[in-house]
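Owing to the predicted nature of the structure, the values given are computational and were not obtained by experimental measurement. Just so you know, these numbers use all the heavy atoms, side chains as well, and skip hydrogens, waters and symmetry mates. Chain A is the first sequence line, chain B the second, and so forth, proteins listed ahead of strands; every chain is numbered from 1.
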Number of protein chains: 2
Amino acid sequence: MQTSTRDRIVVAAARLLQRQGYVGTGIKQIAQEAQATLGSVYHFFPGGKETVAVAAIRHSTEEFSALLRKALDSEEDPAEAVTACARQLADELRESGWTDGCPVTAAALETLGTDSEIQQACADALRGWEQLVADKLLRCGFPAESARELGTMVICALEGAEVTAQVNRSEEPLLVAGRQLARLVGSYEV
Amino acid sequence: MQTSTRDRIVVAAARLLQRQGYVGTGIKQIAQEAQATLGSVYHFFPGGKETVAVAAIRHSTEEFSALLRKALDSEEDPAEAVTACARQLADELRESGWTDGCPVTAAALETLGTDSEIQQACADALRGWEQLVADKLLRCGFPAESARELGTMVICALEGAEVTAQVNRSEEPLLVAGRQLARLVGSYEV
DNA sequence: CTCTGAATAGAGCGATCGTTTTAGTGAGGG
DNA sequence: CCCTCACTAAAACGATCGCTCTATTCAGAG
């Protein structure tokens with residue numbers, strides 16, 4: 001077998017969670033999409049749906065981190081690097097027909113009051129992405145406090161812009177966010 | 001009767017949608033929360049769940065618009081006005097126990113690929129809020145193009161910051177966004 | 001009074017939910 | 001050879017989903 005059944009389940013669950021959220025995605029649908037049977041899903045994830053979701057979110061988190069790292073490294077100047085991130089998100093979103101947004105937001109919002117592990121996994125994801133941006137700024141000579149605040153701001157703005165872009169079926173919000181974030185980052189440069 | 005049954009249904013649906021999203025909220029739950037019966041819900045909303053949701057989202061949209069208008073008018077200086085918005089959101093979010101976030105985001109994300117009226121209602125909401133911010137900036141003498149872009153950016157950043165704040169159960173993302181948005185707005189002033 | 005129609009009340013429909021259970025398959029070690 | 005055990009397969013469970021249906025209540029028009 002090319003890819004293991006377990007991996008196929010995680011990848012399928014990740015994509016479905018990204019598109020339909022946690023409540024909107026059924027275990028049976030995950031099994032079908034992964035070309036696995038229900039028995040296999042519960043064999044690899046005895047904890048049930050929530051366990052599958054946590055694994056899927058962690059997978060998506062790592063995948064998005066790689067994408068973010070690549071976009072940040074594609075430009076020397078930090079302001080241009082941030083714009084490149086927005087540009088990259090806009091491209092992928094448009095190509096997916098506006099369906100593949102942030103891989104964790106939908107699941108996070110649905111499980112907020114339920115103190116499941118999902119919320120923690122999403123919090124870890126956001127924190128990690130903020131750190132990636134902050135690290136880039138640190139490498140560019142930004143003071144620690146500014147880098148940290150800007151890291152948070154960049155991820156928040158991209159998050160919101162991606163949602164807005166999806167709802168409006170337009171990449172403009174992401175492009176605007178990219179421009180304004182670049183201006184903001186530039187306002188710090190000495 | 002103090003409030004009409006129809007209004008109680010809309011208000012209850014609005015709150016539930018805000019907290020659990022569209023898929024996670026059941027018609028029977030809405031009826032129960034509204035102190036109405038299933039028959040009443042389908043009497044006032046023959047279109048079913050989606051019709052209720054659209055009415056609820058429109059209600060939430062107007063409610064949030066009023067809140068935004070008030071926060072924007074509370075400060076003369078546009079940068080401080082934007083910060084006041086973030087501050088206001090942070091206060092309400094903390095007081096609700098991190099459950100009452102943006103009233104449309106969750107529902108919007110869950111119904112993206114389903115071409116329902118819900119998506120359009122959410123798009124209208126976001127557009128209206130952006131316009132409120134843009135209007136404030138126009139009144140402060142900003143050029144039309146800058147006001148429009150900043151309006152989009154402010155709403156996107158607040159949107160993302162609110163989600164991040166909810167997931168992390170901390171108001172810090174909203175406070176950071178408020179500060180950075182103020183800096184961004186300030187960078188335009190002549 | 002009767003009649004009417006809006007509004008309320010809740011039983012019940014088929015479908016699907018997450019999960020459990022039981023049976024079957026097949027490669028590897030004794 | 002048989003036995004083991006990780007894995008696959010699918011039937012079935014109770015609960016809940018959105019929705020339809022019928023019955024009932026009740027205020028106002030004639």
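- Summarising the geometry, the separation between NE2 on B:H43 and C1' on D:dT20 is reported as 16 Å, rounded to the nearest angstrom.
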message: As a check on the pairing definition, encode DNA chain D in dot-bracket form, counting Watson-Crick and G-U wobble pairs whose two distances are under 3.5 Å, and using | for partners outside this strand.
response: |..|||||||||||||||||||||||||||
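- For B:R169, the salt bridge (Lys or Arg N to Asp or Glu O under 4.0 Å) criterion is met by no residue, not counting sequence neighbours.
- When rounded to the nearest whole Å, the span between CD of A:Q29 and P of C:dA15 equals 19 Å.
- Between B:D135 and B:R139 no salt bridge is recorded (no basic side-chain N to carboxylate O distance below 4.0 Å).
- Other residues sharing the hydrophobic cluster of B:V11, ordered by chain and number and joined by side-chain separations under 4.5 Å: none, the residue standing alone.
- Between the P atom of C:dT8 and the CD1 atom of B:I30 lies a distance of 16 Å, rounded to the nearest Å.
- Looking at residues two or more places apart in sequence or on another chain, you find a side chain to side chain contact (heavy atoms under 4.5 Å, CB included) between B:V23 and A:V23, B:E110.
- Atom P of nucleotide D:dG18 and atom CZ of B:F45 are separated by 15 Å, given to the nearest angstrom.
- For residues 138-157 of chain A, no residue pair satisfies the ring-ring contact (aromatic ring centres under 6.0 Å, His included) rule, not counting sequence neighbours.
- Residues in residues 78-110 of chain B take part in no ring-ring contact (aromatic ring centres under 6.0 Å, His included) pair, two or more places apart or across chains.
- The pair B:R94-B:D91 counts as a salt bridge, with a side-chain nitrogen and a carboxylate oxygen less than 4.0 angstrom apart.
- Annotation: side chain to side chain contact (heavy atoms under 4.5 Å, CB included) contacts of B:T51 (sequence neighbours excluded): B:F45.
- Atoms CZ (B:F44) and C1' (C:dA9) sit 13 Å apart, rounded to a whole Å.
- The nearest whole Å value for the distance from the CZ atom in B:R6 to the P atom in C:dA6 is 16 Å.
- In this structure, CD of A:Q32 is placed 13 Å from P of C:dG18, rounded to the nearest angstrom.
- OP1 and OP2 of C:dA7 both lie 4.0 Å or more from every side-chain N or O belonging to B:T5.
- Contact between the side-chain N/O atoms of B:S40 and the OP1/OP2 oxygens of C:dA7 is not found at any separation under 4.0 Å.
- For the side chain to side chain contact (heavy atoms under 4.5 Å, CB included) test, residues two or more places apart in sequence or in another chain that qualify with A:S187 are A:L184, B:R183.
- Near DNA chain D, defined here as any heavy-atom distance below 4.0 Å, there are no residues from residues 13-24 of chain B.
- In this structure B:A81 satisfies the side chain to side chain contact (heavy atoms under 4.5 Å, CB included) test together with B:L72, B:E75, B:K136, sequence neighbours excluded.
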Nucleotides 19-25 of chain C: protein proximity per nucleotide (B base, S sugar-phosphate only, - neither; heavy atom, under 4.0 Å): BB-----
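- Within the structure, the ring-ring contact (aromatic ring centres under 6.0 Å, His included) test picks out no pair touching residues 67-95 of chain A (sequence neighbours left out).
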